[in-house]
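For reference, the structure discussed in these notes is given below.
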Amino acid sequence: MTEQVYDPERPGQPGSGEKRPDDMRQLPLPFGHKRRFDEAGFVSGRSNAAARTWLFATDAEKNWSENRLALWGGQGRGKTHLLQVWGQRNDAMIVDAAQGLPDIATLLERTPRALALDALPEQGLDELALLRIINTSRERRMPLLMVARTPPSLWTVTLPDLCSRLRATMTVEVGPAEDVLLYRLMLRLLAERQLVVPRQITDWLLQRLPREASVIEDAVSRIDAVTLASGQPFDLRAATRLLADLSE
């Protein structure tokens, strides 16, 4: 069916005094949803308890071996959220390492209180740049947080000095999300988008969706799009279609 657009000069259209046809759909406006990475929006659970202890305990950085920590875990486990909260607390310079590492001149020019490297690649790593960053952070007693999907022991590294530094780095894993965390996460994401979904529908979805936070985020994003496009409450029929789409 072709979407109809209102023209005030043509009769028989919505807004022209006649009833809107039942088969016309509301056109969704392209408003993007911006994810919240603040402390209030973080969902705590057993799976991230160890990470929270090492990141947020009083003066936790003082207990890090050589003042650096590697945070690792699978995709969608909240590592970037933890990094962002830690960065806000510590006035840190946050770098998307997937886009490249900063050179030392830039680092010295900005003189951050702390440094956080997000999404460090396990392969294709700029080893010399990382070694210089580690050495500089140690010399300046600057806390360094490194985030990746795997522990440093599994990174492809050939420089002996970098291997030595990584072996001396503390590591902490963010584990797979438990059911309670996934439920709280779904409720928070729905609330952020001002979506109202009946409890029986959220329970039904959570029983059938893969046990990954990233899948929950994707599901809520699709719920938002579906309800905006249809203008109708999200019911069991819509949930069934959503589940089928996600499994394709």
Checklist entry - Parallel under 30°, tilted from 30 to 60°, perpendicular over 60°: which one fits the rings of His81 and Phe42? => result perpendicular

Residue pair [X] / [Y]: nearest heavy atoms and the distance that separates them:
X	Y	value
Arg77	Glu173	NH1-OE2, 3.6 Å
Thr169	Arg165	OG1-O, 2.8 Å
Ser47	Ala177	OG-CA, 3.8 Å
Leu182	Leu206	O-CD2, 4.2 Å
Lys79	Leu71	O-CD2, 4.1 Å

Next on the checklist: Between Asp218 and Arg222, does any side-chain N to carboxylate O distance fall below 4.0 Å?
Outcome noted: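 Salt bridge present between Asp218 and Arg222.
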
Item to check | Gap between atom CG of Leu162 and atom CZ of Arg132 - 0.5 Å precision | outcome: 12.0 Å

Next on the checklist: Just verifying a value: how many Å separate Ile216 CD1 and Arg211 CZ, rounded to the nearest 0.5 Å?
Outcome noted: 6.5 Å

Checklist entry - Side-chain contact, heavy-atom cut-off 4.5 Å: Val95 with Pro102? => result yes

Next on the checklist: For Tyr183, run the side chain to side chain contact (heavy atoms under 4.5 Å, CB included) check against Leu187, Val180, Asp179 and tell me which one passes.
Outcome noted: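 Only one option passes, and that is Leu187.
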
Checklist entry - Between Glu66 (side chain) and Arg138 (backbone), is there a donor-acceptor pair under 3.5 Å? => result no

